[in-house]
Engineer: 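One structure, as structure tokens, below. Some questions next.
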Amino acid sequence: MRILAIDTSNLVLSTAVVEEERVLGEWTTNLNKNHSVRLMDSISQLLDSLDLGPDQLDGIAVARGPGSYTGVRIGVATAKTMAWSLGIPVIGVSSLLAVAANAGGYSGMIVPLFDARRGQVYTGGYRSGTDMTVREALPERIILLRDWLPIAAEAAADGPVLFLGDDVSIHRSVITEVLGEQAQFAPPFINHTRAAGIGWLAAKQIGEAENVHQLVPEYLQLAEAEAKLKARGCST
């Protein structure tokens with residue numbers, strides 16, 4: 001099973017090709033660049049460097065959000081188009097889960113978060129099993145950070161809470177103020193999603209692959225324009 005994995009859901013642009021037991025190749029940047037311009041080039045360059053053609057892929061994996069509305073749409077649309085044209089499965093993976101997976105083996109509560117503006121964050125709570133696979137312990141949501149921190153702390157049962165994600169630095173002072181020494185912070189090299197991790201997670205779900213037309217982004221909230229249309233009773 002050879003899977004092409006894609007993430008454009010946040011600032012990171014990452015592509016990888018993975019097999020069941022190894023990562024064949026990975027290409028990742030964490031820059032403020034236009035994903036729509038660079039994504040297909042990165043996929044092409046990665047496949048070329050591995051001497052692989054698209055017809056040698058067995059599936060496509062993609063970070064389905066939450067995150068940047070535009071970024072999520074770019075990744076999901078690309079993954080669906082490629083999967084449909086190649087006639088192979090497509091698997092959507094939570095962007096939050098993909099970050100949490102970087103902390104597999106951590107004994108406490110794992111809390112990835114992305115900034116959602118106005119004091120809000122996209123977040124969830126995860127626990128790591130003995131097999132290094134992380135599992136959801138608290139549902140993903142968009143929530144005010146100050147409302148979220150007591151929930152995460154209580155679920156951790158006085159144990160440590162590991163915060164990770166590139167946006168944690170924006171909120172670190174508030175986290176420390178509320179949780180004190182209970183809060184721990186991940187090192188920078190595991191703060192962002194890796195396409196290789198998305199591919200690994202997707203490989204475990206390949207038997208549950210969605211119909212290519214049913215895969216949709218997961219925003220956790222409506223875009224501002226969509227919310228205004230809905231408030232006026234318009235269909236999107």
Side-chain angles (χ1 to χ4, degrees), residues 7-14 30-35 63-76 92-103 106 108-127 134-194 216-232 236:
D7 180 28
T8 59
S9 61
N10 286 286
L11 199 61
V12 165
L13 169 59
S14 186
N30 194 12
L31 303 169
N32 188 15
K33 299 286 188 178
N34 190 330
H35 293 339
R64 67 187 304 170
S68 157
Y69 290 111
T70 302
V72 171
R73 288 178 190 269
I74 290 168
V76 170
V93 174
S94 161
S95 302
L96 288 167
L97 173 61
V99 175
N102 293 339
Y106 181 74
M109 181 68 70
I110 302 168
V111 176
L113 63 82
F114 309 143
D115 183 61
R117 301 181 182 178
R118 303 183 181 92
Q120 300 179 106
V121 293
Y122 300 112
T123 188
Y126 300 85
R127 291 281 190 181
V134 297
R135 297 173 177 85
E136 187 179 88
L138 293 171
E140 296 180 356
R141 65 194 78 186
I142 180 171
I143 187 173
L144 287 168
L145 178 63
R146 286 190 178 274
D147 291 342
W148 167 244
L149 293 174
I151 296 171
E154 181 179 1
D158 297 322
V161 182
L162 178 67
F163 292 88
L164 66 169
D166 280 335
D167 294 338
V168 167
S169 59
I170 301 172
H171 303 285
R172 183 164 181 156
S173 61
V174 174
I175 295 170
T176 303
E177 174 193 331
V178 176
L179 296 190
E181 295 184 357
Q182 189 178 8
Q184 297 186 355
F185 299 94
F189 61 87
I190 64 169
N191 265 336
H192 58 72
T193 53
R194 289 184 54 196
V216 294
E218 178 54 76
Y219 299 124
L220 295 183
Q221 67 172 343
L222 293 174
E224 184 176 355
E226 292 172 323
K228 289 179 178 178
L229 283 171
K230 187 173 182 180
R232 294 202 299 265
T236 58

Engineer: Sort and list the pairs that fulfil salt bridge (charged side-chain N to carboxylate O under 4.0 Å, His left out) and have at least one residue in residues 175-193, not counting sequence neighbours.
Structural biologist: R146-E177
Engineer: With sequence neighbours left out, what residues match N30 under side chain to side chain contact (heavy atoms under 4.5 Å, CB included)?
Structural biologist: L11, V12, D166, H192
Engineer: Do F163 and H171 have side-chain heavy atoms sitting under 4.5 Å apart?
Structural biologist: no
Engineer: Check whether more than 12 heavy atoms from other residues, nucleotides or ligands sit under 6.0 Å from atom CG of N34, and answer yes or no.
Structural biologist: yes
Engineer: Considering all heavy atoms of both residues, which atom of S9 and which atom of V72 are nearest to each other, and what is their separation?
Structural biologist: CB-CG2, 3.8 Å
Engineer: Kindly indicate whether the side chain of L149, heavy atoms from C-beta on, has any atom under 4.5 Å from the side chain of V174.
Structural biologist: yes
Engineer: Can you find a heavy atom in the side chain of F189 that is under 4.5 Å from one in the side chain of R194?
Structural biologist: no
Engineer: Taking C-beta and beyond as the side chain, do L113 and I175 meet within less than 4.5 Å on heavy atoms?
Structural biologist: yes
Engineer: Which heavy atom in Y69 sits nearest to a heavy atom in Y219, and how many Å separate them?
Structural biologist: CD2-CD2, 3.2 Å
Engineer: How many angstroms lie between atom CG of L220 and atom OG of S95, to the nearest 0.5 angstrom?
Structural biologist: 9.5 Å
Engineer: Evaluate the side-chain proximity of L138 to W148: yes if any heavy-atom separation is below 4.5 Å, no if none is.
Structural biologist: yes
Engineer: Which atom names give the shortest non-hydrogen contact between V76 and A63, and what distance separates them?
Structural biologist: CG2-O, 4.2 Å
Engineer: How about T193 and N10: do any of their side-chain heavy atoms sit closer than 4.5 Å?
Structural biologist: no
Engineer: Where do T123 and P112 come nearest, in terms of heavy atoms and distance?
Structural biologist: OG1-O, 2.8 Å
Engineer: When you compare the side chain of R141 with that of I151, does any pair of heavy atoms fall below 4.5 Å?
Structural biologist: yes
Engineer: So how far is it from D147 CG to Q120 CD, rounded to the nearest 0.5 Å?
Structural biologist: 9.5 Å
Engineer: Would you check if L96 and Y126 make a side-chain contact, meaning some heavy-atom pair closer than 4.5 Å?
Structural biologist: yes
Engineer: If I compare all heavy atoms of G108 with all of R127, which pair ends up nearest, and what's the gap?
Structural biologist: C-NH1, 3.3 Å
Engineer: Ignoring hydrogens, what is the shortest heavy-atom contact between Q182 and A156? Give both atom names and the distance.
Structural biologist: NE2-CB, 3.9 Å
